[in-house]
Amino acid sequence: MKLSKAFPWLAAAVALAGVVFAMLPQGKVRGFAIHRYASLPVLEGGRVKPLDSVARNSLLVIRSQQSFRYEGRAISADEWLLDLLFRPQVADQQPVFVINDPDVLGLIGLKQTPDRYFSFDTLGPHLQDIQDQAMAAQSVDPKERTRFQTAVTNLYERVYLYYKLRNTMQLAGTQGLAFELQTLGTPEAAQRQADLAKLAQFRPLPPLPGQRPDAWESVGEALQKAAAGGTMHPDLPLFAQAGTAYASGDAQAFNSVTRQLESRFEAERPGAVREAGHEALFNRTEPFYLGMVIYVCALLALFISWMWKSEILQPTAFALLVAGAIVHTTGLAFRIVLQGRPPVTNLYSSAVFVGWGAVILGIVLERLYRKGFGTAVAAAAGFASLIVAQHLATDGDTMEMMRAVLDSNFWLATHVVTITIGYSGTFLAGALAIGWTFWRWIRGLSGAGDDPETGRALMDMTYGVICFALFFSFVGTVLGGIWADQSWGRFWGWDPKENGALMIVLWNAIILHARWAGYIRERGLMAMAIFGNIITSFSWFGVNLLGVGLHSYGFTTNGFTALMIFIATQVVMLGLCLFPPPMRGPGPRKA
Amino acid sequence: MTDTSLLRRLWKALGSFELTIVSLALLLALVFLCTIAQVHLGTLGAVKVYMHSVLVWWQPGTSSFSIPIFPGGTLVGAVLVVNLVVSTIQRLDFTWRKSGLWIVHVGLILLIAGKFAAGAFQIETNMAIEVGQTVNYVESPRHMELAVIDTTDPAFDDVYSVPDTLLEREGTVAIPGTPLKIRVKRFFRNATLSRLGPGDPPSMATTGVGTEVKVVEKPPVTQDNDINHTTAFIEPMAGGRDFGTWLVSTDLTTPQGFTYAGHSYRMLIRPLRIYLPYAITLKKFSHDVYPGTNIPKNFSSLIHLSNPNTHEERDVLIYMNQPLRYDGKAFYQASYGQGDRLSILQVVDNPGWLIPYISCVLVTLGLLIHFGLTLRRSMKRRQSQKKEG
């Protein structure tokens, strides 16, 4: 096989090999098998997950990152959490709190510096101020809060999460869990046990044989039970030994106790161990992050292909897109299996799924038309939506439990999935239209002349995708109505989210009718498709910002700015689309 | 210009694409405005202004007059239906090529008609039951009534009710089945009550607890979860004499009443009740959360349904996404309270509930057929182009 034929395959294979490499477990840190300890299952937020997920999600909430550099070394979320649990004096010095708001910095007597990260020790003297301000702000309706009030409430919640984690396995500032086991019946111990039970962020002790599968216990509860004369949870002394070993730097002892804990869990709760292991693997691989990177590579290959070695690089870009789609799809499938839910359960997963839908559609278009446009818009849409997903993930656990009213796999699988495919379609049509705009400008400015064939192909693609989007958004909207009728008796209640979906349906219907009536041609169709992006972004995110629905404020301020920036870019695109540079006569036709 | 040509032009305009696109665009704008307005008006308020209206009115500044500035949802919806029907008759021919579009448009007409029907006939009420309690009525969340209860016989109460729409007129109402008449002296859709201070003017009430109470009128609530504190000053009359002016309000819980001709009457304002020919007993209410969180996992009410007319006696479990449909009504688990001892069921009476289901199937089918046929044609065209190339 010639190199030019093999190169695209090679590129895709390298990308996939990179993903496989990411799946390999990390090595020991300072001799400690931290990744094995972090794969142990715990109960947090109503579900069983590996400690690794607790670590990553907490660090994501507190620092907006899943790892950080400190004293010239990368600290993983797992290592950070173990320090916080057993060596709080170390963790307290690490700058994990990200603070951007200048007024909040002023409150704790700090100037705005290029380094926006602060340690718990730095915040320590001001905890009372932070709490007082946050309490005052919490009495204000989230919609009405000032930027400072929102920021200080947010900081308080992060400090509280940190504080709870710090006091989950043992109380910070005491002699540790082993000491609690020795002083079980003493009068002072009762208060410490109660504090531990109250502050526990997660429950590490699995239910014993004969107990309900969700009857996990916190350290404090287990100590209280033992102090009251009940049997001691058999895993508690092991956790105490592991804590002591970790704090004293005895890696050998820590690793051997961790192995003992592993085998006990295997025997007691094999299902929980297996699932936690899978989730830890999923966390480690970060398929959506890697997918995003591969999509960027595909885009770059495509851009270069327009100037150089098109015959090799265009197929390479497509091969990379397919590799990205494989990683994206596998990640999505893995999530579905882990969670036991359809793919879309919250805003985060809707972003992942919208991108996936657009990528798959783009691949189909590329196979049909082979102009490189399908690859371009698919890679761009996949990349953009995964970026959005990354930013939405900072709310915490992306696999949180479903509230009772949403707890219906049937409706999640039908209504939510179809409506999200509708979003994908509308965005893809908008992306194609933006692609058309760029193409038109580049041709106009470079004096390449008209190319009605490509224009026609792009229009066919956009038109087809709009039909597709109308179908799915209509069906999704009506299924939503039927779900509403099933769950609270009204088919249509003019709820903001319903209205948003209806707006997408109406807009796509307007485009198609305008096209059928002949009011719009190529340029008009493209302009309307770009406006579809604005409508879809409003329906998808905008309605959550109104505060009438059910969404957290953390997203509101940042989300509002992001949405406005997105809409502004779309307005610019709309202008570029409507007023393209003049085109000089038909260019040389390709044979 | 003759009349026929004018009519023909009107007929053409009614079925035109221009009208379709303009109506759809207006509807889109209305939906957007209605969504944004919910922040301040609440869902019900915004829907009333933008959707359940012929025209959208605007009141400039502090002026007392309003001017129509935009067509309302009802008008746009009606125009769309006419446009749909007329254009379907005018343009669509009975060919296989257009069969999908036919089905889509019939389905859409049905959908919009169903929405109108729901707006006209759908009645939403609540049923609040405590564990162990038996209830044979539903209550309106929006409307109040003045209940005059004959409590003479300890075994049962005779209830006479005057709806708030009648109280609002502030006239004299005869209570059927009794010698009583009620003169409504003042009616407040919404008000706040407080203890009468030393500087305040005396209360309008001459008897009962109302003599000590100050009433301040409030604008009616717009947010969906708020309720009106409906209040009135009334004067019961019978046999040519009156029994003084009483204050009645949803906020007054003290029993108030009088005696006439050996009958004891009690008066109160409460949510409008509609009695059912059957009774529901709440046996158990469950509210589960995921362990270690406040995230609700499940709400359910185990009820006993007892209908003496049909001799039905059975238990039903109502939970999320699983309503009880009975006697033309649907009972949904809506809310809860009093430390999980009170279950609130939403009760919806909508004779047209099946219409959206049918229209959904029709439109989906129609779109599938239409886009499927279009796709097949386009594929054929591309293939023939390839052969030529």
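Just so we're on the same page: letters track the sequence lines, and every chain starts at 1. Since the model is a prediction, treat every value here as computed from it, not as a measurement.
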| Residue A/Leu43 versus chain B: region with a heavy atom under 4.5 Å | side chain
| field | chain B contact via A/Phe202 - which portion, at a heavy-atom distance below 4.5 Å | value | neither
| Which region of A/Phe474, side chain (C-beta onward) or backbone (N, CA, C, O), has a non-hydrogen atom less than 4.5 Å from a non-hydrogen atom of chain B, or is it both or neither? | side chain
| Region of B/Ile355 in contact with chain A, defined by heavy-atom distances below 4.5 Å | neither
| message | If I take atom OG from residue B/Ser87 and atom NE2 from residue A/His513, how far apart are they, to the nearest 0.5 angstrom? | response | 7.5 Å
| Contacting region of B/Tyr50 [heavy-atom separation from chain A under 4.5 Å] | neither
| Which answer fits B/Glu18, side chain, backbone, both or neither, if we ask what part of it has an atom under 4.5 Å from a heavy atom of chain A? | both
| query | Would a 4.5 Å heavy-atom cut-off, applied to side chains only, mark B/Cys360 and A/Ile482 as touching? | reply | yes
| query | Side chain, backbone, both or neither: which part of B/His52 has an atom under 4.5 Å from a heavy atom of chain A? | reply | side chain
| task | Applying side chain to side chain contact (heavy atoms under 4.5 Å, CB included), run through A/Phe538 and B/Ile36 and close with a yes or a no. | result | CA-CA 11 Å; A/Phe538 174 78; B/Ile36 297 292; 4.1 Å; yes
| field | Heavy-atom check, side chain of A/Ile535 versus side chain of B/Leu28, under 4.5 Å | value | yes
| field | CH2-OG1 distance between A/Trp516 and B/Thr20, expressed to the nearest 0.5 angstrom | value | 10.5 Å
| query | Side chain, backbone, both or neither: which part of B/Ala25 has an atom under 4.5 Å from a heavy atom of chain A? | reply | both
| request: Identify the heavy atoms of B/Met51 and A/Trp494 that sit nearest to each other, and give their distance. | output: SD-CH2, 3.5 Å
| query | Is it the case that more than 12 heavy atoms not belonging to A/Arg521 sit under 6.0 Å from its CZ atom? | reply | no
| query | Does atom OH of B/Tyr319 have more than 12 heavy-atom neighbours from other groups under 6.0 Å away? | reply | no
| field | Value rounded to 0.5 Å, distance of CG in A/Leu506 from CG in B/Leu80 | value | 8.5 Å
| query | Between A/Leu502 and chain B, which part of the residue has a heavy atom less than 4.5 Å away: side chain, backbone, both or neither? | reply | side chain
| How long is the gap from CG on A/Leu470 to NE2 on B/His370, to the nearest 0.5 Å? | 10.0 Å
| field | Residue among B/Val31, B/Leu30, B/Val47 satisfying side-chain contact (heavy atoms from CB on, under 4.5 Å) with A/Asn499 | value | B/Val31
| task | For residues A/Trp507 and B/Leu24, determine if any side-chain heavy atom of one lies less than 4.5 Å from a side-chain heavy atom of the other. | result | no
| chain A contact via B/Leu368 - which portion, at a heavy-atom distance below 4.5 Å | both
| request: Examine whether an atom of A/Ile504 lies under 4.5 Å from a heavy atom of chain B, and if so say whether it belongs to the side chain, the backbone or both; otherwise answer neither. | output: neither
| message | Counting only heavy atoms not in B/Arg325 (residues, nucleotides, ligands), do more than 12 fall under 6.0 Å from its CZ? | response | yes
| query | Could you give the distance from OH (A/Tyr519) to CZ (B/Phe17), rounded to the nearest 0.5 Å? | reply | 7.5 Å
| query | What is the minimum heavy-atom distance between B/Tyr332 and A/Asp485, and which atoms define it? | reply | OH-O, 2.9 Å
| request: With rounding to the nearest 0.5 Å, note down the distance linking NZ in A/Lys497 to OG1 in B/Thr35. | output: 11.5 Å
| said: Run A/Val478 and B/Tyr357 through side chain to side chain contact (heavy atoms under 4.5 Å, CB included) and show every step you take. | reply: CA-CA 8 Å; A/Val478 177; B/Tyr357 289 72; over 6 Å; no
